[in-house]
Amino acid sequence: MASVFLSKPATWQQSKRLLDASWAAEGARFGSRERHDAFYTYLLTPRSGRWAYVSSGKTGTTSTLALLFRLEFGVENSALVADPSDMNRDAAMHRAVNAGVFRSLHARDDIDSLSGYLANTLRIATVRHPTDRAWSAFRYLCRSQDLRHMQFAAARIRLCALTGFDWDSHARTREGFERFLDFVAIELGDDSAQLPDNHWRPQWLDIRPDLFRPDVLGRLEQPDALIAALVDRLGRAPGDDGAIRRGDLNGDPGAMRDRPGWMTAPSVVTRLAHVYGTDYEAFDYDP
């Protein structure tokens, strides 16, 4: 029977040993220690060891984690969480790590090798059309400004400083979106030690399909296919024969159906290709 983690997470010394060993073996392929460690931080696992899910922001992570919870434990998570530090209106599944239900891979105290674990488990990732994801992320950032929320506050301030972004006139506009893309490009640059936020950095950096080739790659645009693939590979938990809901995908529906007409303007397309070109190619999306 599936169970939660009953032990404490790995100590920082244990995590460091796992990360140090991985960095020594694979570090050159990541380019920086920050990118290496961030990759393993966003790899979530259950105690059973049956799967590992790489959580890339704005790709339906909330609903995917809810589905994995259901397949692991045979019940829906009905716990409700309102976290003032989190803009997500349905934050419960993102507290599953704190609850010991899931655990970041590098925080497991029962493994000897990060790559060894990944070689023997079902590797899962979710992706989204890079254009829609970027537009959704920008809208989410604008919402944080509307709320004067602490989430993304540092990014909003840096955005002003680095691109001349004006929150009074640029929010949700073409000019603002272009400046946002310029901002992401700056933070991805060789001279930057600042890795862009998980909600808008390229999905390729989170998933690293060259190192973590997903066994199941779910697309936000095809939720039924993801459900079918996970049920096929993981099976239903014993006694669970109820209908599985698609969920709301934690998405921004407006980003998918209301792409602004100016999204096809050459200056916008050029910037999207510059920032997210690897995503279009790696995950087979048309620009």
Side-chain angles (χ1 to χ4, degrees), residues 54-64 87-90 125-147 149 151-152 155-156 158-160 162-188 196-207 209 214 217-227 246-287:
V54 59
S55 176
S56 184
K58 306 302 287 182
T59 66
T61 56
T62 298
S63 58
T64 302
M87 286 169 49
N88 191 335
R89 298 185 182 93
D90 186 13
T126 49
V127 294
R128 182 180 192 173
H129 194 292
T131 302
D132 292 325
R133 179 173 175 266
W135 177 232
S136 178
F138 179 57
R139 288 161 61 116
Y140 203 43
L141 186 63
C142 291
R143 180 168 169 255
S144 75
Q145 170 73 9
D146 295 340
L147 298 173
H149 206 283
Q151 190 171 0
F152 310 133
R156 298 198 308 270
R158 289 198 307 275
L159 177 60
C160 293
L162 290 171
T163 71
F165 192 99
D166 182 351
W167 281 105
D168 292 328
S169 61
H170 290 153
R172 299 179 181 85
T173 68
R174 169 180 166 178
E175 183 175 354
F177 185 61
E178 290 183 343
R179 290 175 188 253
F180 166 72
L181 293 175
D182 290 343
F183 166 66
V184 180
I186 292 170
E187 293 206 327
L188 285 170
D197 188 275
N198 171 261
H199 289 82
W200 52 77
R201 65 176 171 245
Q203 297 164 85
W204 187 86
L205 284 177
D206 285 329
I207 298 172
L217 181 67
R219 298 180 184 274
L220 187 74
E221 302 83 9
Q222 300 172 351
D224 292 333
L226 174 61
I227 291 171
R246 290 177 59 177
D248 64 5
L249 296 176
N250 187 36
D252 178 357
M256 290 182 278
R257 65 171 180 259
D258 295 330
R259 241 190 238 185
W262 48 254
M263 197 68 79
T264 58
S267 60
V268 177
V269 172
T270 298
R271 283 175 166 86
L272 284 166
H274 176 60
V275 176
Y276 298 111
T278 305
D279 280 358
Y280 291 108
E281 181 178 355
F283 305 117
D284 197 25
Y285 283 105
D286 292 328

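We number each residue from 1, following the sequence as shown.
Rounding to the nearest 0.5 angstrom, the gap separating the CD1 atom in Ile186 from the OG1 atom in Thr163 is 7.0 Å. Atom NE2 of His199 and atom CG of Leu141 lie 10.5 Å apart (nearest 0.5 Å). Note that CG of Asn198 and OG of Ser55 are 6.0 Å apart. Values are rounded to the nearest 0.5 Å. Within the model, atoms CD of Glu178 and CZ of Phe138 stand 10.0 Å from one another, a figure rounded to the nearest 0.5 Å. Here the CZ-NZ distance, from Arg133 to Lys58, works out to 9.5 Å after rounding to the nearest 0.5 Å. Put simply, OG1 on Thr61 and CG on Asn88 are 7.0 Å apart, with the number rounded to the nearest 0.5 Å.
At a threshold of 4.5 Å between non-hydrogen side-chain atoms, the residues Phe283 and Pro130 do not count as touching. Arg179 places none of its side-chain heavy atoms less than 4.5 Å from the side chain of Phe183. Within the 4.5 Å cutoff, side-chain heavy atoms of Pro214 are placed close to those of Ile207. Here the side chains of Leu226 and Arg219 are not in contact, with every heavy-atom distance at 4.5 Å or above. Side chains of Gln151 and Asp197 form no contact here, defined as non-hydrogen atoms less than 4.5 Å apart.
Looking at Tyr280 and Thr131, their side chains do bring a donor and an acceptor atom within 3.5 Å of each other. Checked by atom type, the side-chain pair Glu221/Tyr285 shows a donor-acceptor distance below 3.5 Å. With 3.5 Å as the limit, one finds no donor-acceptor pair spanning the side chains of Ser56 and Arg128.
Using modelled atom types, no side-chain atom of Arg174 and backbone atom of Pro260 make a donor-acceptor pair closer than 3.5 Å. The main-chain N or O of Gln203 is found under 3.5 Å from a side-chain atom of Asp279 such that the two form a donor-acceptor pair. Side-chain atoms of Arg156 come within 3.5 Å of backbone N or O of His149 as a donor-acceptor pair. Looking at Ser136, its side chain never comes within 3.5 Å of a backbone N or O of Asp132 through a donor-acceptor pair. Between the side chain of His129 and the main chain of Asp286, a donor-acceptor pair closer than 3.5 Å is present.
Smallest separation of non-hydrogen atoms from Leu217 and Val127: CD1-CG1, 3.7 Å. Ala282 and Trp204 make their closest contact through CB-CD1, 3.7 Å (heavy atoms, listed as atom of the first residue, atom of the second, distance). Minimum heavy-atom separation, Val275 to Leu188: CG1-CD1, 4.0 Å.
Between His170 and Phe177, the gap from one ring centroid to the other reaches at least 6.0 Å.
Legend: residues meeting side chain to side chain donor-acceptor pair (under 3.5 Å) with Thr126, ordered by chain and number and at least two apart, are Tyr53, Thr59. Remark: Glu281 engages no residue in a salt bridge (Lys or Arg N to Asp or Glu O under 4.0 Å) (not counting sequence neighbours).
Residue pairs meeting the salt bridge (Lys or Arg N to Asp or Glu O under 4.0 Å) criterion with at least one member in residues 162-172, sequence neighbours excluded: Asp146-Arg172.
Only one option out of Tyr140, Phe152, Tyr276, Trp135 pairs with Trp200 in a ring pair (Phe, Tyr, Trp, His ring centres under 6.0 Å); it is Phe152.
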